[in-house]
There are 2 protein chains.
Amino acid sequence: MTAGRVPVERRRRRPTKAGTVLTEELIVDCALRLAGEHGAEALSVRRLGAALGCDPSALYRYFHDTDDLLLAVADRIIGESMEGFVPEGDWLDGLRAMARRVYAGYSRHPRIAALAAYRVTRRPHEFRAVDTGIGLMLEGGFDEADAVRNYAAFIDTVLGHAALDAAHLALAPERRGADTRAWADAYQALPSATHPRLAQVRGQLPLMGESSFETALGLFLAALEVRAAGAAG
Amino acid sequence: MTAGRVPVERRRRRPTKAGTVLTEELIVDCALRLAGEHGAEALSVRRLGAALGCDPSALYRYFHDTDDLLLAVADRIIGESMEGFVPEGDWLDGLRAMARRVYAGYSRHPRIAALAAYRVTRRPHEFRAVDTGIGLMLEGGFDEADAVRNYAAFIDTVLGHAALDAAHLALAPERRGADTRAWADAYQALPSATHPRLAQVRGQLPLMGESSFETALGLFLAALEVRAAGAAG
DNA sequence: GCCCTTATGTCAACACCATTGACGCAATGT
DNA sequence: ACATTGCGTCAATGGTGTTGACATAAGGGC
């Protein structure tokens, strides 16, 4: 009935045919579990309905459409990642810890992350995380505009790497293997006549198959430290 | 017939019902055009077949499956991006120019980029680009392992931002608007009691809606310059 | 110039998918 | 006890990728 998500307090709770009582929370739980166990392709309205023991169309009483559901799941992941986070040490340590938490959180749910990492959830857990992150930038001594700009660059870098690595993890095993092996196979085979630099570093190419998140994070934060010193001094 | 992509030189060329003669190249062209004109959701085997004037299943004679086709399209984008690229200035200028080219290339095809930016195409244009990029790192004075590691971090950062921004551009207009407005609406409305840092920088929040690519790129390259000086000295 | 082989375009079918409108049960407030 | 209505269910629509069997025409050998 295209009514979409019911905003106000829900009153009538009728158990489904299978006996469970649906909740926005329960649905998000189930979606997360389902996507984790069997691929992201298992995350369809139909399978979700089957797993919950209800008719697929029942979900439309709780979420406007699948995108809406996806955002709810993404916000849950942000919440999990940042739960109990209290920055320790200086602002750089705080940012580093936050980056690792967010990255790890999305890595724990690669199938979802690949779809949702780049979205703005506009939901409570995200609000809290952005508040925390911008707070750390302000601690670093940046003015308000730079704090926001730097936070945007920071979180986009983290999310970009998270999405990249998650997408790789989320590939079907056969495909993931092919992508990883590419660096040891296809790239090894290129002749030095046409690809001299590749041939030169041939022995190191398997490094391309590993995550570059920590390298990129280290570089980013080092640059931020320099810039903060400049802003203060 | 599940034969998949025909590897060797194709001999018999039979025109389709509509008279066109299919080619791997022609199909990639058409896919790129189709995804550009009407959303990425328009990029389906059936629509592609319709646009080419052939039966949808004919495409399976040229590509093993849609993922295979996607990689071919992605490689074409890389080729377009790097076409005629000759690094000018020092290695940092070269990396900056390369980053901007790749970012722009994917931005020109956001619907594809959102799907393909994180894949390894294992195809000629990608080989060439990686060879070029690692060459620039070697010019910077890094040893072979660091050159590969830094190139991985570099290209992943660029691709991550490209995918992030592309995914945003690729959203349905109504959804994109909602995501962008979030920073000016939902985030503005949060009370300073619960979200003090957000309230403090309230005026600057719309900056979050803009791309952070240039900021992140600047920071990344600045850090790389410092590290290169350390490696040399 | 014919025939044989085979590459490749076409057809039909399968098993999925998201979404919607009508329907009706049952839980709730009176 | 009743009326209201939230919400779970059903059925249907129009999309998707992929496959196997089939038919046809192109090209090579003679």
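By convention in this document, chain letters (A, B, ...) are assigned in the order of the sequence lines, proteins followed by strands, and residues within each chain are numbered from 1.
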Does [X] have a side-chain nitrogen or oxygen under 4.0 Å from the phosphate oxygens OP1 or OP2 of [N]?
X	N	result
A:Arg47	C:dC17	yes
B:Tyr62	C:dG9	yes
B:Ser44	D:dT16	yes

Counting heavy atoms from C-beta on, name the nucleotide in [options] closest to the side chain of [X].
X	options	value
B:Cys54	D:dT18, C:dT10, C:dC23	C:dT10
A:Thr66	C:dG9, D:dT19, C:dT19	C:dT19
B:Asp55	D:dT18, C:dT10, D:dC10	C:dT10
B:Arg61	D:dC7, C:dT8, D:dT18	C:dT8
A:Ala58	D:dG17, D:dG8, C:dT19	D:dG8

Count the heavy atoms belonging to other residues, nucleotides or ligands that lie under 6.0 Å from CD of B:Glu83, then report whether that count exceeds 12.
no
Report the distance from atom [atom1] of [X] to atom [atom2] of [N], rounded to the nearest whole Å.
X	N	atom1	atom2	value
B:Asp68	D:dT18	CG	C1'	14 Å
B:Leu70	D:dG17	CG	P	12 Å
A:Glu24	D:dG8	CD	C1'	17 Å
B:Asp67	D:dT16	CG	P	18 Å
B:Leu22	C:dG9	CG	P	5 Å

Is B:Asp68 salt-bridged to B:Arg61, going by a charged N under 4.0 Å from an acidic O?
no
With a 3.5 Å cut-off and no angle check, do the side chains of B:Thr180 and B:His168 form a donor-acceptor pair?
yes
